[in-house]
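As the structure is a computational prediction, the values presented were derived from the model and not from experiment.
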Amino acid sequence: MGRSVARRGVAVVAAVLLLAGAGCATVDTPAAEVPAPVALPEELPDASGEPSGSAVPEDASATPSAVESMGAAPKATPSASASPSAAKRSPKPKRTTATAPRTVPKPPTEKQVPPDPPKPPASDCEPSYKGDQASRAQAKAALTEAAGRTYWPTSAPDIRIPVSLIKATAWQESGWQSNIVACDKGIGLMQVMPETASWMNQRFGQSYDVWDYRDNAYLGGTFLAWLTKYIGDMYFDADYRLDADLCTAELDSCLLNAVIAAYNYGHGAVAPEGKPLNIPNASYVRNVRALMTECVCLGF
């Protein structure tokens, strides 16, 4: 999708809320990896309440048209009594050291890739809005649900998208506005491009609705997971940890920074085949990294 410099309209909105930003999303996971679709629960209550002066109305509601197409949340781990063999399994040992990025990457394992980001729109363009806006409680529930999903249950079950990452990315992209349309045509919470959504649905046999705020959260989460797998295999020898403590002062030192950069600037610019890892949008990466610990949205 789009680049942060291309989203003047979104920047105006996000600046009012906290930070400016823009970018777009794409996605991947082999068809066999996608969990069976189920309906999601109703809106979760917002215990903290809606802050005064918020641009998001508390009574805003949305009736998703594609809830039935969304993937299931990860199932609870079977208990020892329910599955005797489970008690005998030894947990996978956790890595304790960082994996430095490869100077010469491995060939990409995923050959079908998302569309390239669009060109920057006119600088005087203003964002538009379409349909009803989800409340903050609804947005929080959707983003939390997306972060809790297991996106690669067969080939990379250890890939996990931190809830702080998906919340911070959504805030950077849209200020948690589910009905905003950016000048580069990025849509909703995660600013997913229509072309990217179409590519994902065709590639993986899904029917995600980019206009549905819950599907939009899943599209964004799936793109983050796809980037984790794509870049992790090429540069980090399948070490898929998105841990901030693995990063150094060098932006190209860790998978987390690379995934954030690629969400905004595209996988090809960040992970060029046969070349070292590249971070072309340092400001965007630093903004999202800061939001992961400081965003007001984490308290919603």
Side-chain angles (χ1 to χ4, degrees), residues 1-11 20-31 101 105-123 125 127 151 161 165-166 169-170 172-174 180-206 208-211 215-216 218-235 251-252 255-285 287-288:
M1 334 281 231
R3 302 174 182 177
S4 58
V5 295
R7 299 250 182 110
R8 301 303 179 94
V10 176
C24 295
T26 350
V27 198
D28 194 0
T29 9
K106 294 180 179 179
T109 56
E110 179 59 45
K111 302 302 182 181
Q112 298 189 48
V113 296
D116 291 331
K119 295 180 180 179
S123 59
C125 179
Y151 288 96
I161 305 303
L165 172 59
I166 197 167
T169 302
Q172 172 76 16
E173 291 290 324
S174 70
I180 192 170
V181 182
C183 293
D184 64 0
K185 299 182 180 179
I187 296 169
L189 288 175
M190 302 298 292
Q191 287 293 280
V192 181
M193 300 299 296
E195 294 81 4
T196 297
S198 297
W199 172 82
M200 287 189 294
N201 285 332
Q202 181 179 9
R203 169 67 177 82
F204 307 115
Q206 297 299 302
Y208 293 103
D209 180 1
V210 70
W211 294 102
D215 276 18
N216 194 289
Y218 268 144
L219 287 169
T222 306
F223 184 48
L224 289 169
W226 185 86
L227 290 169
T228 300
K229 182 74 164 60
Y230 185 84
I231 300 174
D233 286 344
M234 288 178 67
Y235 292 91
L251 284 178
D252 61 357
L255 182 58
L256 174 61
N257 289 348
V259 168
I260 293 172
Y263 189 93
N264 168 244
Y265 224 75
H267 71 283
V270 175
E273 293 188 40
K275 298 180 180 180
L277 197 63
N278 178 46
I279 307 296
N281 47 351
S283 294
Y284 182 92
V285 174
N287 283 350
V288 174

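Evaluated for a side-chain contact (heavy atoms from CB on, under 4.5 Å) with Val285, the options Val288, Asn281, Asn287 yield exactly one hit, Asn281.
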Stepwise, does the side chain to side chain contact (heavy atoms under 4.5 Å, CB included) test hold for Met193 with Asp184?
CA-CA 8 Å; Met193 300 299 296; Asp184 64 0; 4.3 Å; yes
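Closest heavy-atom contact between Ala262 and Leu227: CB-CD2, 3.7 Å. What you find for His267 and Val113 is that their closest heavy atoms are NE2-CB, 3.5 Å. Nearest heavy atom pair, residue Ile187 against residue Trp211, reads CD1-CZ2, 3.5 Å. Of all heavy-atom pairs spanning Lys275 and Tyr235, the tightest one is O-OH, 2.7 Å. Minimum heavy-atom separation, Asp252 to Leu277: O-CD2, 3.7 Å. Between Pro114 and Trp199, the closest heavy-atom pair is N-CZ2, 3.6 Å.
For Pro108, the side chain to side chain contact (heavy atoms under 4.5 Å, CB included) partners are Lys111, Tyr230, Met234, Glu273, not counting sequence neighbours. Checked against side-chain hydrogen bond (donor to acceptor under 3.5 Å, both in side chains), Asp233 has the following partners two or more places apart in sequence or in another chain: Thr109, Lys229, Tyr240. By the side chain to side chain contact (heavy atoms under 4.5 Å, CB included) test, Ala170 pairs with Leu143, Trp176, Met190, sequence neighbours left out. Every side chain to side chain contact (heavy atoms under 4.5 Å, CB included) that Pro280 has, sequence neighbours left out, goes to Tyr265, Ala269, Val270, Asn278.
Panel note: side chain Thr222, backbone Tyr218; a donor-acceptor pair is recorded below 3.5 Å. Between the side chain of Asn201 and the backbone N or O of Tyr208 there is at least one donor-acceptor pair closer than 3.5 Å.
Here salt bridge (charged side-chain N to carboxylate O under 4.0 Å, His left out) pairs that include residues 188-200, with residues two or more places apart or in two chains, number zero.
Considering CD of Gln191 and OH of Tyr263, their distance stands at 8.0 Å, rounded to 0.5 Å. For the atom pair CG (Leu256) and CD1 (Ile260), the distance works out to 4.0 Å, reported to the nearest 0.5 Å. Put simply, CG on Asp116 and OG1 on Thr196 are 9.5 Å apart, with the number rounded to the nearest 0.5 Å.
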